[in-house]
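First comes the structure, then the notes that go with it.
Owing to the predicted nature of the structure, the values given are computational and were not obtained by experimental measurement. Heavy atoms only: backbone and side chains are in, while hydrogens, waters and symmetry mates are out. A, B, ... follow the sequence lines: proteins, then strands. Residue 1 opens every chain.
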4 protein chains.
Amino acid sequence: MTAVEIQQIRRKLPEWVAASVPFAEGGKVASYIPELAGAPHDALGITLINADGDLITEGSCGRRFTVQSISKLFTLILALMDIGEDRVFEKVGMEPTGDNFNSVLKLELVRPGIPFNPLINAGAITVSALIRGSDPEEKTERILQFMRALANNDHLRVDLDVYRSEADTGNLNRSIAYLLKQNKVLDGDVEEVLDVYFRHCSIAVDCADLARMGLVLACNGTDPLTGKSLIPRRYVQIAKTFMTTCGMYNASGEFAIQVGLPAKSGVSGGILSLVPGRYGIGVYGPALNNKGNSQAGVHLLEIMSRELNWSMF
Amino acid sequence: MTAVEIQQIRRKLPEWVAASVPFAEGGKVASYIPELAGAPHDALGITLINADGDLITEGSCGRRFTVQSISKLFTLILALMDIGEDRVFEKVGMEPTGDNFNSVLKLELVRPGIPFNPLINAGAITVSALIRGSDPEEKTERILQFMRALANNDHLRVDLDVYRSEADTGNLNRSIAYLLKQNKVLDGDVEEVLDVYFRHCSIAVDCADLARMGLVLACNGTDPLTGKSLIPRRYVQIAKTFMTTCGMYNASGEFAIQVGLPAKSGVSGGILSLVPGRYGIGVYGPALNNKGNSQAGVHLLEIMSRELNWSMF
Amino acid sequence: MTAVEIQQIRRKLPEWVAASVPFAEGGKVASYIPELAGAPHDALGITLINADGDLITEGSCGRRFTVQSISKLFTLILALMDIGEDRVFEKVGMEPTGDNFNSVLKLELVRPGIPFNPLINAGAITVSALIRGSDPEEKTERILQFMRALANNDHLRVDLDVYRSEADTGNLNRSIAYLLKQNKVLDGDVEEVLDVYFRHCSIAVDCADLARMGLVLACNGTDPLTGKSLIPRRYVQIAKTFMTTCGMYNASGEFAIQVGLPAKSGVSGGILSLVPGRYGIGVYGPALNNKGNSQAGVHLLEIMSRELNWSMF
Amino acid sequence: MTAVEIQQIRRKLPEWVAASVPFAEGGKVASYIPELAGAPHDALGITLINADGDLITEGSCGRRFTVQSISKLFTLILALMDIGEDRVFEKVGMEPTGDNFNSVLKLELVRPGIPFNPLINAGAITVSALIRGSDPEEKTERILQFMRALANNDHLRVDLDVYRSEADTGNLNRSIAYLLKQNKVLDGDVEEVLDVYFRHCSIAVDCADLARMGLVLACNGTDPLTGKSLIPRRYVQIAKTFMTTCGMYNASGEFAIQVGLPAKSGVSGGILSLVPGRYGIGVYGPALNNKGNSQAGVHLLEIMSRELNWSMF
């Protein structure tokens with residue numbers, strides 16, 4: 001059946017991508033830093049990879065882009081691997097917020113003021129502080145090594161221009177971080193924590209990298225192409241659950257209804273998704289909808305899920 | 001494998017229930033109406049039924065209780081069957097809120113002021129107005145018939161004492177309903193809509209009824225024991241997705257992490273859950289945690305999901 | 001000095017009114033009911049009366065309009081006279097909210113959920129329930145008699161068309177009232193309380209009526225022209241304080257800085273203001289700014305306060 | 001009359017202070033830094049000074065304490081003198097918030113995200129950035145010189161221990177400041193602005209200093225004892241208006257009803273108040289109520305206002 005499906009995907013994907021590209025029109029490329037603002041508005045690319053190593057790619061997949069919020073997934077997993085469930089969930093909750101990903105409301109309104117989940121900015125900043133390492137460089141290096149292993153790509157690196165722009169303009173994240181420090185959620189030096197955060201958000205990837213990382217999650221933590229066991233099963237489960245309930249910012253509920261797959265998006269226009277047990281998927285489409293997700297990318301995944309009956313539900 | 005699992009469940013369930021009962025201690029039975037306040041604090045019962053008709057029951061399953069919020073699931077499905085996806089989702093969104101199930105905040109703060117999802121009170125009231133029927137009696141009768149068909153139980157009926165108490169004390173729901181009317185989300189007479197709402201929340205069931213209804217959802221809309229097709233596949237998918245993202249009030253995220261099954265709870269202490277393709281599950285445990293879910297019931301489902309590896313994720 | 005000032009006002013007022021009329025342009029006439037929507041967009045009138053009975057009138061003062069929120073002032077005073085400070089302030093607070101006058105946020109967010117002050121809708125609805133009287137008619141009649149005495153005008157009456165339209169469209173106020181009932185702030189039948197509220201908001205006045213009522217407040221509760229003592233000094237003090245801190249909705253702070261006089265506005269475009277010890281002032285200008293106050297009317301009062309050095313501060 | 005009143009005050013003040021001291025019991029001394037936590041819980045002192053130089057002092061007036069939020073008044077006035085009304089009110093509004101003085105809610109919820117008024121933390125931080133000076137030292141020095149002139153006391157200085165503790169623990173203020181920077185309200189280096197803010201909050205005074213500064217405001221900007229004109233009339237008016245609408249945090253409305261005088265409090269337990277044209281008043285009582293104002297101090301001012309008929313309203 002998989003072989004049949006792959007043929008179907010190969011045959012239909014150009015048409016599905018073509019049908020999705022026009023949806024970029026209503027979206028907006030993130031413009032708060034010049035490195036993102038320069039992305040091509042109507043680009044759309046997708047790469048799928050399965051456990052047999054079949055790789056399908058369509059559209060503008062050549063371009064590299066920074067992972068942005070997609071890294072929140074991997075810092076979460078690494079923190080779980082570093083210090084375990086109990087200690088991570090003392091500092092960060094498990095609930096969707098219904099608010100924007102960079103909102104401070106619930107940090108003030110809902111006691112004890114810990115972030116609702118690890119995929120909003122407040123949660124991801126908190127998680128960044130939990131990564132083992134003696135200084136920001138070591139922490140960042142460990143995150144980078146982890147993502148390289150998952151992507152099976154030793155060339156992943158931090159885009160330093162993006163990193164510097166993020167650090168320069170990241171005042172809302174600074175505000176969130178100091179509020180977390182006030183709430184006794186964040187220990188240590190705020191600028192050091194943010195440094196780790198800005199760096200891992202600035203790791204550059206392409207669609208194939210995302211697809212390969214997604215494949216490891218789809219296969220419960222083992223890279224089926226190398227046989228390496230990279231993540232304990234339980235932490236993959238946690239990650240996939242958060243991807244389903246919180247992965248697409250405050251449009252996660254709609255994505256679950258319309259696509260029904262675990263996914264994590266970033267404001268660069270990237271989406272890492274997966275079909276459990278079968279595919280890792282990387283999407284790139286920089287024009288964002290008003291929730292911060294790739295407009296054309298989400299549309300493409302909606303078509304594919306509907307046509308291929310991919311929803312988990 | 002299923003037969004083996006059923007044997008395991010039969011053997012272990014008494015122990016799991018016994019281990020969960022003490023968790024009722026920290027919870028509180030809903031007390032806003034006398035009919036709920038009288039429930040036994042430390043009761044805990046569970047019924048499972050599978051596609052072969054194997055039925056497992058343990059603990060205090062004899063008691064009948066009102067469905068309360070669990071009916072929100074069936075009014076949603078019936079509204080989808082009555083008027084289709086497009087018209088339902090004009091009036092109600094698809095997102096978890098992060099707020100209490102009876103909050104009015106987002107109705108004021110987030111334009112255009114439609115309920116975030118159909119499983120919070122605002123959403124369920126809105127959906128109640130979408131059910132076909134010339135008057136509240138006919139609408140309620142249609143909901144009741146639908147639930148009777150799903151439970152394969154013609155004896156389901158509205159508990160009139162509970163209904164009258166709900167109607168008498170339901171001022172927060174009235175407040176929500178008038179705010180919805182102000183926001184042009186709710187058409188028609190508010191008290192008539194609320195009458196439907198209070199009635200369907202007051203339908204009395206037992207664990208076996210919930211389990212049987214859950215089984216239909218687990219089997220994608222067809223009752224495997226009668227062969228009757230009761231709900232179109234797509235609407236089951238929508239329902240299961242909402243159960244996963246919003247079914248346990250603002251503890252849905254944690255439930256997804258710790259249990260990983262679609263579920264819907266009510267303040268009477270009932271939980272309807274399911275293992276896709278395999279089991280319908282009804283739980284009853286009236287002592288609630290601070291999010292409004294059965295304290296012992298959630299604990300029991302956590303044990304079972306962990307021991308039996310039931311998480312969808 | 002007063003005589004000199006009156007001459008100055010008579011001489012300059014036409015010019016000040018003319019300078020203020022253009023400010024109506026940016027405003028919007030309230031349009032939620034037809035009776036308000038029909039008001040002339042660029043009308044602006046003002047009447048001043050002093051303790052000697054000198055009356056100055058300029059602009060479009062002939063028109064009658066409903067008091068709307070201005071009545072909140074008189075129901076507050078009447079409730080204080082009926083049941084005293086202690087019992088009134090058990091039910092309603094003394095703080096500005098910073099939110100819109102019809103907001104429900106703080107009723108949910110700030111325990112114990114009593115209205116922050118008597119001049120927002122929630123507070124005025126609460127106060128309406130405190131007025132003595134065996135039924136809505138008697139309560140309304142008592143409010144009407146009180147306002148007739150203050151205006152020295154037996155012809156004040158409820159505009160029944162406006163009342164009916166308010167009652168028909170007042171769903172946000174219904175929502176607020178049921179939330180108050182839920183919070184145990186409001187006793188009794190919600191629709192009966194709202195009936196009183198909608199009726200007293202619909203009492204029709206003209207600028208001269210407002211000015212005369214303002215004069216009584218300016219003279220600490222005694223009508224200087226009849227010598228009648230109508231309000232105890234302390235309750236006038238309370239009323240004038242609320243007018244200063246909360247009288248102009250959530251633009252009260254700015255009004256205090258720019259005008260510095262006690263005032264209360266209504267969405268019909270009326271403003272009742274006063275210069276302590278000296279003048280009662282009635283203004284009418286139906287085009288409202290985005291906070292719900294008469295755009296041209298506020299501008300006119302700003303000019304007069306600045307030119308005549310009227311600020312209390 | 002003034003002479004008679006002064007005699008009355010001298011005669012009755014010991015009794016009024018004694019009657020107010022017990023109210024300290026229910027309050028709490030601010031404890032977020034050791035320098036504040038060490039204040040004597042049941043201390044209560046008051047100093048009044050009038051335009052003739054009559055000075056009345058009662059209770060524990062010997063102690064020095066830091067001005068904390070009271071300095072917000074003087075930075076506002078100095079900013080007005082430095083750059084004028086128009087430029088100040090581009091950056092900060094004129095409205096009470098109804099929220100805690102250190103809330104971030106409205107900075108996120110209410111566009112364009114400028115602070116509602118200059119007496120909440122967000123507003124005072126914003127204003128601190130508007131003070132002229134080439135660096136934090138010069139700005140602080142100018143504020144200090146201004147307060148010295150108003151207090152007629154060249155010995156006022158920054159308490160460096162308090163300043164360092166404030167700077168060490170001020171993460172909520174850092175959070176607010178970075179949110180302001182994000183909202184483009186705050187220009188320049190955040191830590192430099194906060195340095196000015198923490199320093200001026202740490203200026204040490206005693207009751208007599210506060211009373212003398214209050215006297216200048218009571219006399220419209222001129223020190224009646226030296227004849228020096230220190231503040232333009234209009235800026236005193238602005239300051240007194242803000243003191244009335246926003247000076248006692250989110251208990252300003254109640255203070256206006258119960259006392260009716262312009263006042264500004266600080267979490268050290270100080271209150272600067274005034275009777276327009278007549279007295280400057282300094283109060284010290286470190287046990288705070290739940291809104292952050294001196295519990296016994298507010299009670300003392302309530303007695304005095306009632307007994308001496310001091311309310312402006």
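Other residues, nucleotides and ligands place no more than 12 heavy atoms under 6.0 Å from the NZ atom of A:K28. Summarising the local packing, CD of A:E25 is surrounded by 12 or fewer heavy atoms from other residues, nucleotides or ligands at distances under 6.0 Å. Heavy atoms from other residues, nucleotides or ligands lying under 6.0 Å from CZ of A:R164 number more than 12. With a 6.0 Å radius and a threshold of 12 heavy atoms from other residues, nucleotides or ligands, D:D86 has its CG atom at or below the threshold. Other residues, nucleotides and ligands contribute more than 12 heavy atoms inside 6.0 Å of the OH atom of D:Y163. More than 12 non-hydrogen atoms from other residues, nucleotides or ligands lie less than 6.0 angstrom from CD of D:E141.
Looking at A:S103, both its backbone and its side chain come within 4.5 Å of chain D, counting heavy atoms on both sides.
Between the CZ atom in A:R174 and the CZ atom in D:R174 there is a gap of 12.5 Å [rounded to 0.5 Å]. Rounding to the nearest 0.5 Å places CD of A:E108 at 9.5 Å from CG of D:L107. To the nearest 0.5 Å, atom CG of residue A:L179 and atom CG of residue D:L172 are 6.5 Å apart.
Contact tally against chain A (heavy-atom pairs below 4.5 Å) for D:L105, D:V190, D:L180: the top residue is D:L105.
Judged by distance alone, the side chain of D:S175 and the main-chain N or O of A:S175 form a donor-acceptor pair under 3.5 Å.
In this structure, D:N171 and A:K181 approach most closely via the heavy-atom pair ND2-CG, 3.6 Å.
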